[in-house]
Amino acid sequence: MDWDKLVEAAWRARESAYAPYSKFPVGAALLAVDGRIFSGCNVENLSYGLTNCAERVAIGAAVAVGVRQFLAVAVVADTAVPIAPCGACRQVLAEFGVPLVILANRSERVEFLLEELLPRASAGILDRPE
């Protein structure tokens with residue numbers, strides 16, 4: 001599948017990033033099963049733990065209008081190599097079953113299955129025997 005449209009939406013979202021502290025704008029775009037694209041950018045806060053990553057902003061935008069099924073997410077940044085979602089974002093993407101993660105910079109694009117980036121995402125406290 002040609003993911004150009006999704007990656008382009010992520011680059012557009014990146015332009016709106018609020019990153020006054022890190023100076024590291026990131027964009028994300030999420031493709032829903034119905035074909036809609038939901039975008040997000042990172043939104044920083046002086047209390048850095050309150051920062052929202054682009055991927056979670058995109059998920060929030062989709063969930064806010066009732067969308068909960070997705071095909072892929074694209075994450076972009078102006079870096080030497082494509083960046084990958086942080087651990088928290090990987091877990092949130094797993095929560096909503098986003099199977100494909102596309103990472104891009106200005107010259108390269110790589111694809112991963114989310115299960116490659118976060119193996120055993122559903123294993124844990126909720127999977128204990130009864």
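Just the heavy atoms: all of them, side chains too, but no hydrogens, waters or symmetry mates, feed the values below.
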Engineer: Per the salt bridge (Lys or Arg N to Asp or Glu O under 4.0 Å) rule, what does the pair list look like for residues 15-29, sequence neighbours excluded?
Structural biologist: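 Non-adjacent pairs meeting salt bridge (Lys or Arg N to Asp or Glu O under 4.0 Å): zero.
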Engineer: Could you pull out all residues at least two apart from Leu50 that satisfy side chain to side chain contact (heavy atoms under 4.5 Å, CB included)?
Structural biologist: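 Checked Leu50 against side chain to side chain contact (heavy atoms under 4.5 Å, CB included); matches are Asn45, Ser47.
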Engineer: Provide the closest heavy-atom pair for Ala10 versus Ala29 in the form atom of the first, atom of the second, distance.
Structural biologist: N-CB, 3.6 Å
Engineer: With sequence neighbours excluded, tell me which residues meet side chain to side chain contact (heavy atoms under 4.5 Å, CB included) with Asn105.
Structural biologist: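 Asn105: side chain to side chain contact (heavy atoms under 4.5 Å, CB included) contacts with Thr79, Pro82, Ser107, Glu108.
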Engineer: For Arg36, check salt bridge (charged side-chain N to carboxylate O under 4.0 Å, His left out) against everything at least two apart and list the hits.
Structural biologist: Asp34
Engineer: Sequence neighbours excluded, which residues qualify as side-chain hydrogen bond (donor to acceptor under 3.5 Å, both in side chains) partners of Ser22?
Structural biologist: Glu44
Engineer: Please enumerate all residues that pass salt bridge (charged side-chain N to carboxylate O under 4.0 Å, His left out) together with Arg12, with sequence neighbours excluded.
Structural biologist: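 For Arg12 there are no salt bridge (charged side-chain N to carboxylate O under 4.0 Å, His left out) partners, ignoring immediate neighbours.
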Engineer: Output side-chain donor-acceptor pairs under 3.5 Å for residues 89-99, partner residues at least two apart or in another chain, one line each.
Structural biologist:
| residue | atom | partner | partner atom | Å |
| --- | --- | --- | --- | --- |
| Arg90 | NE | Pro85 | O | 2.7 |
| Arg90 | NH1 | Leu117 | O | 2.8 |
| Arg90 | NH2 | Pro85 | O | 3.2 |
| Gln91 | NE2 | Ala121 | O | 3.3 |

Engineer: Do Leu6 and Asp4 make a side-chain contact, defined as non-hydrogen atoms from C-beta onward lying under 4.5 Å apart?
Structural biologist: no
Engineer: Do Val76 and Leu71 share a hydrophobic cluster (ILVMFWY, side-chain heavy atoms under 4.5 Å, transitive)?
Structural biologist: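 Yes; Leu71 is reachable from Val76 via cluster members.
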Engineer: Can you list everything that forms a salt bridge (charged side-chain N to carboxylate O under 4.0 Å, His left out) with Asp78? Sequence neighbours excluded, please.
Structural biologist: Arg14, Arg106
Engineer: What residue pairs, at least two apart or across chains, pass salt bridge (Lys or Arg N to Asp or Glu O under 4.0 Å) with a residue in residues 52-66?
Structural biologist: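 Passing the test, one end in residues 52-66: no pairs.
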Engineer: Name every donor-acceptor pair, under 3.5 Å, that has one atom in a side chain of residues 59-68 and the other anywhere in the protein, sequence neighbours excluded.
Structural biologist:
| residue | atom | partner | partner atom | Å |
| --- | --- | --- | --- | --- |
| Arg68 | NH1 | Gly66 | O | 3.4 |

Engineer: If you group Ile, Leu, Val, Met, Phe, Trp and Tyr by side-chain heavy-atom gaps below 4.5 Å, do Leu31 and Leu100 land in one group?
Structural biologist: yes
Engineer: Considering residues at least two apart in sequence or located in another chain, which fulfil the side chain to side chain contact (heavy atoms under 4.5 Å, CB included) criterion with Val26?
Structural biologist: Phe24, Asn42, Ala54, Val75, Ala77, Ile83
Engineer: Holding to side chain to side chain contact (heavy atoms under 4.5 Å, CB included), I want the full list of residues that pass it with Gln69, two or more places apart in sequence or in another chain.
Structural biologist: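 For Gln69, the residues satisfying side chain to side chain contact (heavy atoms under 4.5 Å, CB included) (neighbours in sequence not counted) are Val33.
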